[in-house]
Structure formats: C-alpha cells, structure tokens
There are 2 protein chains.
Amino acid sequence: MGKITIKDVAALAGVSVGTVSMALNDSPKVSTKTKKNVMAVVQKLGYRRDPYARSLSLSSSRSIGFLAPGFRNPFFGEVAEALQFAVEEKNNSLMFGITNDSTKQEAKLVDQFLDRGIDGLIIIPSEDSNPDLSHIRNLLNHDFPLVFLTGYYPEIPFHTVMADLADGSYELAKGMINAGLRNIIIIAGNPSLTPFRERIEGFRRALDECGVAFDENKVIISDGMSYEGGYAAIDKVYDEIRPDGIIAINDVMAMGVIGRLRSKGIRVPEDVSVAGYDDISISSIQETPLTTVEQPIALMCSEAVDMLFSLIEGRIIADGVVRLPVSVKHRRSAKTG
Amino acid sequence: MGKITIKDVAALAGVSVGTVSMALNDSPKVSTKTKKNVMAVVQKLGYRRDPYARSLSLSSSRSIGFLAPGFRNPFFGEVAEALQFAVEEKNNSLMFGITNDSTKQEAKLVDQFLDRGIDGLIIIPSEDSNPDLSHIRNLLNHDFPLVFLTGYYPEIPFHTVMADLADGSYELAKGMINAGLRNIIIIAGNPSLTPFRERIEGFRRALDECGVAFDENKVIISDGMSYEGGYAAIDKVYDEIRPDGIIAINDVMAMGVIGRLRSKGIRVPEDVSVAGYDDISISSIQETPLTTVEQPIALMCSEAVDMLFSLIEGRIIADGVVRLPVSVKHRRSAKTG
DNA sequence: TCCTCCTTTTGAACCGTTTCAATCAAAATT
DNA sequence: AATTTTGATTGAAACGGTTCAAAAGGAGGA
C-alpha cells in the first residue's frame, strides 16, 4: 500500500482535506467533535504529516544550522550540546557543520545548509588568518537570520552573543599581580581576530592599572590554538623571557604549556603560574587543576537562540554585541592573590 | 520584489519550466547551448532552487539524523566530527540530538527528526539501565534506514558498526598479566549493555587464557561512566580488593580512577596500572599519558555512513554487526609487558 | 521533395500540505 | 415565519519544484 496522506484521513473521517489540516493544527475553527474524530482516524491509520509538503506550504523547516571550528577543543563540544538543548526547547532541530577554522569551508557549508532550507544560522567564527567573508556579507544582504556565538568577525560586529572575554583576562592578570608576579605573558592567536584582541585588551588593562609595564613582546602570537601550540610557544619564548605567569588563550593550550614546562623540569605553580580559558570539563580534573575562566555556555546559547528567533520572526533587534559575564575559577595551576 | 522562482528563470531564458529544471539537474536531454543560457540567467537573477519544493518532489531532504548521549565525554565529540565529514562527502547534512543516555529522550528526538524529514538515522545507543525501545522497533517495522554506531541494543543487533571492543580489553589485560600483574579488575557499567558486555568478555578471555582466576567481583559495576564514576569506584573497592591493575571502560573514567588513587597517595603505574578506553585526544597529553585502546573513529563513521546510504538507496544488506579493529596505545599509566 | 529517425523542448500532472473566501447549517433574533 | 448571526465545513488555489508522454524541430537518406 502507498503512502498515507491527508486525503486518506479525510476520506475515512468523512470530512474535507482542509478540515483535517485544521484539526491537526488544532485550529479553533474546527469543532471539538470533529477534531476527536479526525484524531482517531489519524491514530488508526498511523498517519504522519509529510514534512516536505508542510515546509513548502509554511516556508519553514523548523531547523537551524550551526557551524563550529571542530570538536577537538572540547569547549566547542560543550557549546554544541548546550545549543542543541536551547534549540530543542523551541521545538526546532539543529544541523551542524565543522569549519576547521577555514572561512572557505565555512562558505561551503553555508551553501549546503541553504540548500537544506534552514531557517537561521549560528556561527562560531573561524580563526582564519586570511578570512574571506563574502558569504557572510551575502547572507547579511539578504537579511538572512544570522547570529555569531563566542565572537565575531572584526568587520561584522552584528548580532553576536559572547562572554566578556576582556574581563576574564583582566581578572586573571590582576590576580597574578596581586600574588606578586611581575613578568606575566599572554599567549594568543592572530590579534586581528576579536576573541584574541579582547583577551589581550583585558590583560593590558590589568597591567596598566597596576603599574606593571606592558609591551608588545608580552603578547606571544602562536598559530595553533592547540596543545601543540602551547607546547611550541614555550619552546619559542621561555628561555628568553623567563616569565613567572602565563595566560593561555584556552585550556587545551594551557595544558600544552604546563606539559612543556614540566618536561623541562619547571614547576607549576611554584616556578610559573599558568592559567587557561574556557573551563572545559576536564580542566578541573587535571592532576594540577587548572585556573581558568568559565564562559557561561548555557546562558550564551539560550541567549543566541533567542536572538536568532527574534530575527527569524522578524522582530526588530538592535544590532550589536551582547556580552555575558565570565567567572574566574581559581585552582591550583596559578598563584592568584 | 517577490521570491525568484523557476518560472522567472524560464521566462527570462525563453524556455519552459521543465527545461530549466532539467538544465539545473544537468540532464543529458537538454542541449549544451540551452544549459549555458539557463545558467547565465540563473546567475543573473541570483536564483536558488527552493529546497522545500525540491524535497517534496524528490521525497528526500538529503539530511540525516545523528543521536549521541552527549559531548561531556569528548569521545562522542570526536565521533560527531568524523561523522559530519563522512556525511558531507555524500553531499548530505547532519542533524544531531543529545540523548543524555535516556531512551525516552532518544524517542522524543527520533520523533522530532522524523518531523524534519531526515532520510536516515545513526544512533549511538544510550546507556539506559531501563531502556524502552519501542521507538526503535517502530522504525525497524517501517524499514526506516537506521544504523547503530559504537554499539547496539542487545535485542536489536542489526546494522551496526562498532570497534572490536572485546579485543581491546583482551590485549590490555594480557599486557598487564605479561607485566606480572595478577590482581586485575575492570570497571564497567550495566553488563546487559553490549559495549560493556563485550569489553568484559575480552577481559575474561585474557584471564582464562593465562590461567588467572576470573570471578564476578573482578567486574566492578559503576553507574556513572564519568570522571566521578571512576573516582567513586575506587572509593568503593580499592581498600578491599587492592588491585594491581585496573581497566576502566573509558578514558574519562580512567582519569577519575587515577585522580582518586593519586589523592590517596597511591602511585600510578608503580603501585597500580591503569588503562582506559577510546584514546580521546587529551589522553596522550595527560601528565601521566594514558594507556588506552584507540577506536578507529574515522573508519567507523565512514563505514556507518556507507551502510546507511545502502539502506536509504534500497540496496540489500546483510543484517549484523560490523566490527572494526582497535589498536592498543601503550603509554605510561600502565605496565604492559 | 518527402519520409524517417533522433534530439530537444513543451506542458501538464504530480508531490502533500495550508489557507481562506465561499457555502452551508443551525441557532438566535425579530 | 422570516431574517440575521454565528459557527463549522468545503473546495480550490497556492507553495515551487520534477518528471515524462507527447509534440516539435532538425538532420540525413532515398
């Protein structure tokens, strides 16, 4: 037997197709009696509305896209999980794609998602040192509902939800200074990318405020935001600078830093304080629990989803960046006064 | 101006709607000249096919669903990433949902996905101690394309791709025995769930083969497969059993085991060898790098996707479980001979 | 020039919903 | 009893593609 359609239901229930449709949508125009009747037939036939026909009529798929750099950094996995919950709350589904920190790949996935009929899109910006953002501009030109999460592309500071990153490194640095450290460095990526820029800003503000000299070579630019990146950064600068405090741009990188220091026989935190960023779940369970900055993931995600749905539903929203408060987790890897 | 449809393209190109459709699909029935012409108009108008109308006609959304317990265990994040790549290869998109190890939540998400018109579904089974599998049976009854990944529900050993889990713990245990350990335990979850059962089997086989007595209380049943679960398991049994080797069911749990042992002043691996399972990326970069079993994630995922597409395309496939080889990573946390 | 065959194009049916103006029936009002 | 109002239902158009039998066009052969 062929597929069961709304026609079959209508026929068996002895009403018109239109009525069945309205009954299924619980429209007040249909009498309770008819609704019951229709529902009974639906049950009996095991009928299920065809999502494609429905989408065509409603021009909505009730699904949204999500683009992240990848899950090698568990932080993004935690974000994905929180985001899925937030989306599910709204009875929508989440498609995801991995950009690998390449805007080219990002553009490809955007195109693919558009071919799937997503209603909106949430993007964690790629840390691409040579970004091509034409696809983003294109979306924006068409008023496609788009929200950035955890950061934004420098030229495009619209509809973004992120943590107050500057605040996190400010507190971290201040804590280290209070603990008597004076030669603190920060390991970041390409400072033209906002998440890095903001963290560096906070770091600088703390030094300035405390009268500790800030200069350019306290900012170490690493190209990989990974364990290996942290490892390599130490090899590159430790012997020369001999820092007593190190702030890494994320937890995985901080672990790389600690790993390399230990293997050189340098003690953490006795000789050098190390702090990370993100508070991924394994950070607290390291042998030397990591001092780090917690981003309010669940809150960020629900905020981003709310923002996205405002855009989808055409409600007017002020452009701009919503910043949510971070909270510093003082643990063993760093001395903070 | 309204939405650009295929009609607009047809009008401007001076051909029929049918021809435009065929041109877009690169059908051999359309002349090269016409194709070029149509494409030019498409370009000019910035036309894009409506995915909903297309899906309705083709009865396919070119997207598939993926259900995982969650991303707290980074292993699942790595699987999600690999799966996304495998699916993208086929020019499809991936929807994902988090089951939280609850078959009830799993059922809810399956229902939601069905309402989105997915073409097929890949599920990592939930470790639900009291599973309700009616939704799975329902899918199977309707011949809905469904593939299980990393394990399967005991009553439903169909279309599954997983690693040869027994083999991993077999080798792990054998290695420990060869290193002279004799009092080895394994920490698992509910043994009615296949992934646990298989790992226990391999463990047992190794003991049997080497003439080391196996008995029930060498299998510790923990209820959380988390860091905390590993921690608690040590509190529960260490003092009584005094094992010299411990195999945990996954890496995160193994880290919990190590964390608790260390805090009790017990040295790893000098006093106790500890091994994990999965080889998540942070395992190799722990202060004591973890001996563990690598699952061939990329291979499993591409295999699962191939299997799923066979089902979707109606190719006939033998039922059953495909097992892929694991490889043991001998690192510092365990003595293996 | 006429006929045949092959390639291209057309046009309408179809996919399965939603929506809404028009109709119908029953209840309320005069 | 006739008229108006209210409430429930109908039927057809719309959504925007794909597909395929039939028609048209063009090339080649007799």
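Every chain is numbered from 1, with letters handed out A, B, ... down the list of sequences.
Using modelled atom types and a 3.5 Å distance limit, the side chains of Asp132(A) and Ser134(A) yield a donor-acceptor pair. Side-chain contact annotation: Arg116(B) with Ser63(A), donor-acceptor N/O pair under 3.5 Å absent.
The NZ atom of Lys7(A) sits 14 Å away from the C1' atom of dT18(C) (whole-angstrom rounding). As a whole-Å value, the separation of Leu24(B) CG from dT18(D) P is 7 Å. Between Ile6(B) atom CD1 and dC15(D) atom P the separation is 15 Å, expressed in whole Å. If you take CG of Asp115(A) and P of dG16(D), they are 16 Å apart, rounded to a whole angstrom. Atom pair Asp26(A):CG and dA8(D):P shows a separation of 13 Å (rounding to whole Å applied). When the P atom of dA8(D) is taken as reference, atom CE of Met22(A) falls 10 Å away, rounded to whole Å. Between the CG atom of Leu56(B) and the P atom of dA13(C) there is a distance of 17 Å, given to the nearest Å.
Under 3.5 Å, the side chain of Ser57(B) and the base of dG17(D) form at least one donor-acceptor pair of N or O atoms.
Phosphate contact (OP1/OP2 of dT10(C), side-chain N/O of Ser16(B), threshold under 4.0 Å): present. Distances shorter than 4.0 Å separate some side-chain N or O of Arg54(B) from OP1 or OP2 on dT18(D).
For DNA chain C, the residues of residues 29-53 of chain B within the heavy-atom distance limit of 4.0 Å (strictly under) are Lys29(B), Val30(B), Ser31(B), Thr34(B), sorted by number.
Using bins of under 30°, 30° to 60° and over 60° for the plane-to-plane angle, the ring pair Phe71(A)/Phe71(B) lands in the tilted bin.
Ion pairing between a basic and an acidic side chain is recognised when a charged N comes within 4.0 Å of a carboxylate O; Asp8(B) and Lys3(B) show no such pairing. Between Asp115(B) and Arg62(A), no side-chain nitrogen of the basic residue sits less than 4.0 Å from a carboxylate oxygen of the acidic one, so the salt-bridge criterion is not met. With respect to Asp111(A) and Arg48(B), a salt bridge is recorded, a charged nitrogen being found less than 4.0 Å from a carboxylate O.
Side-chain atoms of Gln105(A) never come within 3.5 Å of backbone atoms of Asn100(A) as a donor-acceptor pair (strictly under, hydrogens ignored).
Closest contact between the side chain of Thr19(B) and the listed nucleotides dT9(C), dG16(D), dT19(C) involves dT9(C). Among the nucleotides dT19(D), dG16(C), dT18(C), the one closest to the side chain of Leu58(B) is dT19(D).
The end-to-end axis angle of the helix from dT1(C)-dA30(D) to dT30(C)-dA1(D), rounded to 10 degrees and based on five pairs per end, is 60°.
By the neighbour-count criterion of 12 heavy atoms within 6.0 Å, atom NZ of Lys35(B) is densely surrounded, having more than that number from other residues, nucleotides or ligands.
Of all non-hydrogen atoms in Ser126(B) and Leu193(B), the two that sit nearest each other are O-CD2, 4.5 Å.
Looking at heavy-atom distances under 4.0 Å, Val15(A) makes contact with sugar-phosphate atoms alone, never a base.
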